[in-house]
Amino acid sequence: MLNRIEGVQTDLIAVEAVKQTTNDIRDYNLDQLLNGLDNEGKMIRPTYLEDPYFDTVEEAVGYMEYKRKISPFSAIRPPEAPNLYINGFYHSTRTVKVMGDKIVYDSTFEEADEIDRKYHHKLDGLNPASRKHFIENVLRPLWKRYMEIATRLKME
């Protein structure tokens, strides 16, 4: 039994498990964005009220009302928090893949780099709460299943 465990390449199993869950990682990341949260779990900034794009507070408030009407429902997104959603196109272009031992986020949207800069490179990645939920509910069960196959032992 010890030989079965010692021979298992846990790093390869972990990378493969992450590769198999890139769509889940993407979904968790998009949920964060729809909730107006960055990869640290903080409100995406600049908020509409802080954004220099708007010349007046009234313009920002008007845009916030427009966004409330067109955005998918979020019980936790403050109205001033951007969610990068107008018609869903930007969200639909976001992808996640594994390259080596890194999780890489990308988008084919032509203004994606500008969006990333505007929001201080804090859109990609899972915030602590999302990461914890993803690991407990998606990644760990898959990793456990892979380990059971590799070791032919039942994991508890």
Side-chain angles (χ1 to χ4, degrees), residues 9-147 149:
Q9 296 178 330
T10 55
D11 289 351
L12 292 177
I13 289 174
V15 169
E16 185 58 31
V18 171
K19 283 181 180 178
Q20 294 302 315
T21 60
T22 55
N23 287 334
D24 297 288
I25 295 168
R26 178 183 179 273
D27 290 345
Y28 275 84
N29 179 257
L30 291 177
D31 283 345
Q32 285 174 190
L33 297 182
L34 287 172
N35 288 320
L37 299 174
D38 66 17
N39 60 15
E40 296 176 347
K42 298 176 183 170
M43 188 176 356
I44 295 173
R45 290 202 173 317
T47 68
Y48 297 130
L49 296 172
E50 300 164 336
D51 195 326
Y53 176 80
F54 300 106
D55 293 327
T56 66
V57 171
E58 291 76 21
E59 283 182 16
V61 170
Y63 190 71
M64 288 165 37
E65 180 59 24
Y66 166 72
K67 289 295 297 260
R68 185 189 63 74
K69 291 176 183 175
I70 67 163
S71 294
F73 176 75
S74 168
I76 65 170
R77 183 177 75 86
E80 69 272 18
N83 63 4
L84 308 173
Y85 187 94
I86 294 177
N87 59 14
F89 183 73
Y90 171 69
H91 285 223
S92 73
T93 68
R94 290 181 56 81
T95 60
V96 175
K97 59 186 167 190
V98 175
M99 297 181 71
D101 62 352
K102 304 258 188 279
I103 298 171
V104 178
Y105 293 76
D106 196 15
S107 172
T108 56
F109 186 58
E110 64 186 38
E111 296 173 15
D113 289 340
E114 183 180 331
I115 291 169
D116 194 42
R117 278 190 301 279
K118 178 176 182 171
Y119 296 106
H120 313 289
H121 308 286
K122 292 185 176 184
L123 302 177
D124 297 343
L126 300 184
N127 68 42
S130 294
R131 187 178 315 112
K132 182 177 190 284
H133 194 270
F134 165 75
I135 289 171
E136 290 175 358
N137 295 286
V138 179
L139 188 60
R140 187 172 292 137
L142 182 59
W143 187 83
K144 180 180 163 186
R145 192 167 80 227
Y146 285 174
M147 287 296 292
I149 292 167

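Worth knowing before you read on, the calculation uses all heavy atoms, side chains too, and leaves out hydrogens, waters and symmetry mates. The residues of the chain are indexed from 1 along the displayed sequence.
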Task: Partners passing ring-ring contact (aromatic ring centres under 6.0 Å, His included) against Tyr85 (at least two apart in sequence or in another chain) - done: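 Counting only residues at least two positions away or on another chain, Tyr85 forms a ring-ring contact (aromatic ring centres under 6.0 Å, His included) with His91.
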Task: For Phe89, all residues meeting ring-ring contact (aromatic ring centres under 6.0 Å, His included), sequence neighbours excluded - done: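 Phe89 satisfies ring-ring contact (aromatic ring centres under 6.0 Å, His included) with Phe109 only.
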Inter-residue atom distance [X].[atom1] - [Y].[atom2], 0.5 Å rounding:
X	Y	atom1	atom2	answer
Asn137	Thr21	CG	OG1	12.5 Å
Tyr28	Arg131	OH	CZ	12.5 Å
Ser107	Leu84	OG	CG	10.5 Å
Leu123	Leu30	CG	CG	11.0 Å
Gln20	Asn23	CD	CG	10.0 Å
Asp11	Asp101	CG	CG	9.0 Å

May I ask you to test the [X]-[Y] pair for a side-chain heavy-atom distance under 4.5 Å?
X	Y	value
Ile44	Asn83	no
Val18	Ile25	yes
His121	Asn39	no
Asp51	Tyr63	no
Leu49	Met64	yes
Ile103	Leu126	no
Glu65	Pro79	no
Val61	Glu58	no

Heavy-atom closest contact ([X] atom, [Y] atom, distance):
X	Y	answer
Glu136	Pro141	O-CD, 3.5 Å
Val96	Thr22	O-CB, 3.5 Å
Ile70	Ile86	CD1-O, 3.4 Å

Open item on the list: Angle between ring planes, Phe54 versus Tyr48, binned at 30° and 60°: parallel, tilted or perpendicular?
Closed with: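 Ring orientation of Phe54 relative to Tyr48: perpendicular.
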Task: Residues that Lys67 engages under salt bridge (charged side-chain N to carboxylate O under 4.0 Å, His left out), provided they are two or more places apart - done: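 With neighbours one apart ignored, the set is empty.
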Under the 3.5 angstrom rule, does the side chain of [X] hit a backbone N or O of [Y] as a donor-acceptor pair?
X	Y	value
Glu50	Thr47	yes
Ser71	Arg68	no
Arg26	Arg94	yes
Gln32	Asn127	yes
Asn29	Gly125	yes

TODO: Assess whether side-chain hydrogen bond (donor to acceptor under 3.5 Å, both in side chains) is satisfied between Asp106 and Thr95, documenting all intermediate values.
DONE: CA-CA 5 Å; Asp106 196 15; Thr95 60; 4.7 Å; no
Task: Residue His133 excluded, over 12 heavy atoms near NE2 under 6.0 Å - done: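 Open: at most 12 neighbouring heavy atoms sit under 6.0 Å from NE2 of His133.
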Task: Worked check of salt bridge (Lys or Arg N to Asp or Glu O under 4.0 Å) between Asp38 and Arg45 - done: CA-CA 8 Å; Asp38 66 17; Arg45 290 202 173 317; over 6 Å; no
